[in-house]
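Written below as structure tokens is the structure these notes are about.
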There are 2 protein chains.
Amino acid sequence: MKSLSIKDIAVKAGVSITTVSFIINGKARDKSISEAVIKKVEKIIVESGYKPNQIARSLRTGNSNIIGLIVEDISNSFFSKIARLIEDKAYKKGYKIIYSSTENHIEKAKELITMFKSRKVDGYIISPIKGLEEDIQQLMADNKPVILFDRNLPDLDANYVGADHFKATYHSIESFIKQGKKKISLVTIDIDVQQITERLTAYKKALADYDIPYEENLVLKVHFNQDEKETMVQMEKLFQTEEIDAVLFATNYLAISGLKVLKQTGKKIGNDFSVIAYDDHEVFELHTPGISAVQQPLEEIAETVIQLILSQLSSKTKLDNQHIILPAKLIER
Amino acid sequence: MKSLSIKDIAVKAGVSITTVSFIINGKARDKSISEAVIKKVEKIIVESGYKPNQIARSLRTGNSNIIGLIVEDISNSFFSKIARLIEDKAYKKGYKIIYSSTENHIEKAKELITMFKSRKVDGYIISPIKGLEEDIQQLMADNKPVILFDRNLPDLDANYVGADHFKATYHSIESFIKQGKKKISLVTIDIDVQQITERLTAYKKALADYDIPYEENLVLKVHFNQDEKETMVQMEKLFQTEEIDAVLFATNYLAISGLKVLKQTGKKIGNDFSVIAYDDHEVFELHTPGISAVQQPLEEIAETVIQLILSQLSSKTKLDNQHIILPAKLIER
DNA sequence: TGAAAAAGGTAAAACGTTTTATGCATACTT
DNA sequence: AAGTATGCATAAAACGTTTTACCTTTTTCA
């Protein structure tokens, strides 16, 4: 049941391997192969169902038509939706995606890059974590296209596509303030990437601009890799001990955990307790009452990422790194 | 910036390529290479950070250490959660996953298989759709491990891992009946795979067993690939025109669409209108009131799938096909 | 008419591994 | 002392492509 090789086709057609290869790769006219031969070989290829062995092709050409996608957690709806969009668009251009989740482990992330390297992926799409700077730098030094998305590493000059988290956060807090909220809490994670820390900066800035004093104990920094149970305990404490009247959750899973806590403790969301979540999710739409959420432009992010990487892949010369910041929208519910 | 090859290591160590290869692959003692040489070469490998080129390795050995995963839609939380679990477990055994979504398009599914084939993936994990029988048969004839999951193709004798949808559906309907419901509706899709049609069979059986007449107009079969908008229109009609007192949604996205309709139309879930969803989702847990749901044992499904495929991959002889049906749980909320 | 160019094609090297077959010492039997 | 293991190591083929360099025949045109 061995599959056909280019040699089988060559023999069947009574021409050389070279000729078949030229035809397969559309170089036939260029290399002045006669129409008759082209037709004949093409016919045989179609009839026999021959498909070139991509492995052999990759070994020879050095590229794999595979793009590596590294995210924090593919089962998070934000990432799985982006992944689906990216996959879709890449597929149309003849690229496949290999994805993997880092689970916020630097060691796993490094291993993944090594593995992708040895698999000779053509390019990398990475939602990075702190500590990966050197490895990414190395990839770029090797002239591999790299696109960071969602999260950025400040010490690194790389292509980046993401949403305007500062503005989105600022507007969220502002909207709380305009509703008359005074005790506004921020629940975030202690991960050290710009896109997360920015949310804290924007929070502080908005408060300052409206002359509301910043209180440290209104900010909960959850450890990025801890168990959900523990997170919920911490949130419960926060919700109980302070007379908070509004909460902004910095990620969708934090918001979901938060909603679980509220449901368990019977605390109601309403006029004297408002909530905004970061990254929209069906949960927020269907929740009673509806939960306002910051919605990132998934489609545009995916589109931009894939466009960026494709242009890098097709360009011979190294292109300048771009930073593309797309607006995020506050969906009020 | 060319990466190191086995030849570079061989030269550096002053031994042959063969020797290095044996050492890399743990065959050194077998081939009686001296300890001294092993140590020396290993040291050089570590120091230089050499990683074998997987492409070349694949070309030579004929296997890629990659498993292809084909699902309907990776952005569906059921699949993305399974994918994450599978990826995780596969990773630990040295396998990578390439995934792709069929979007229920038979053509795309076929293309994906062809693509995976030309990429020489070692095995296939597929949530299949009708019409793929022949292609899958072909894979098995080629002696490639294939595991179907979630959905089964009745005309095909293949490995299958899935939940007991008949029982789960039966129990769901039974629970409605025991609550005194009389007009029980089923919202399902018109896709022709056993795991979906089974839900209809179980629905009918449960009604029959409790002497409730089956009414065709209480069953809504949504077209599997239609726009959500259209689905919602159909559901709205169903909910309005019949005095339905209970609904079972056959998939989680149908349930989510259903909840959206209910929210829009202001119809309340409660004592005189109950809902059960298929495949649990955070939405159902956090919804007010909580939505009962049939929960498939994701972890066990993933574990079984990966175990099955790994045992096939490591066994020289073709193993008998297995059908593994795991119990699903009705979570009452 | 003769040289140059074009048309039509191919042989063979190369990509980086794994693996088979083989070689040469040295040590162990009898 | 001859024969046979055994320890240690390697040369070279093979996997299936792409691509470079080259060859022959025909056509062009000064």
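Lettering of chains follows the sequences in order, A, B, ..., and the numbering in each one begins at 1. In this text, all values refer to a predicted model and were calculated from it rather than measured experimentally.
C:dG9 atom P lies 15 Å from atom CG of A:Asp30, rounded to whole Å.
Inspection of the A:Gln322 and A:Asn159 side chains reveals no N or O donor paired with an N or O acceptor under 3.5 Å. Between the side chains of B:Thr19 and B:Ser16, at least one donor-acceptor pair of N or O atoms lies under 3.5 Å. When only modelled atom types and interatomic distance are considered, B:Ser64 and B:Gln54 share no side-chain donor-acceptor pair under 3.5 Å. Between the side chains of B:Ser3 and A:Lys120, at least one donor-acceptor pair of N or O atoms lies under 3.5 Å. In the model, B:Tyr160 has no side-chain atom that pairs as donor or acceptor with a side-chain atom of B:Gln194 under 3.5 Å.
Using a 4.0 Å cut-off, no side-chain N or O of B:Ser16 falls inside it from OP1 or OP2 of D:dA11. Applying the 4.0 Å criterion to OP1 and OP2 of D:dT10, one finds that B:Thr19 has a side-chain N or O inside that range.
Other residues, nucleotides and ligands contribute only 12 or fewer heavy atoms inside 6.0 Å of the NZ atom of A:Lys51.
Applying the ring-ring contact (aromatic ring centres under 6.0 Å, His included) rule to pairs touching residues 83-120 of chain A yields A:Tyr99-B:Tyr99, sequence neighbours excluded.
Residues B:Ile98 and A:Lys96 have side chains in contact (heavy-atom distance under 4.5 Å, counting atoms from C-beta outward).
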TODO: Between protein and nucleotides 14-20 of chain D, map the contacts as a letter string: B base, S sugar-phosphate only, - none, heavy atoms under 4.0 Å, written 5' to 3'.
DONE: BBBBBBB
Sort me out a list of protein N/O and nucleotides 23-27 of chain D N/O pairs below 3.5 Å, or just none if empty.
none

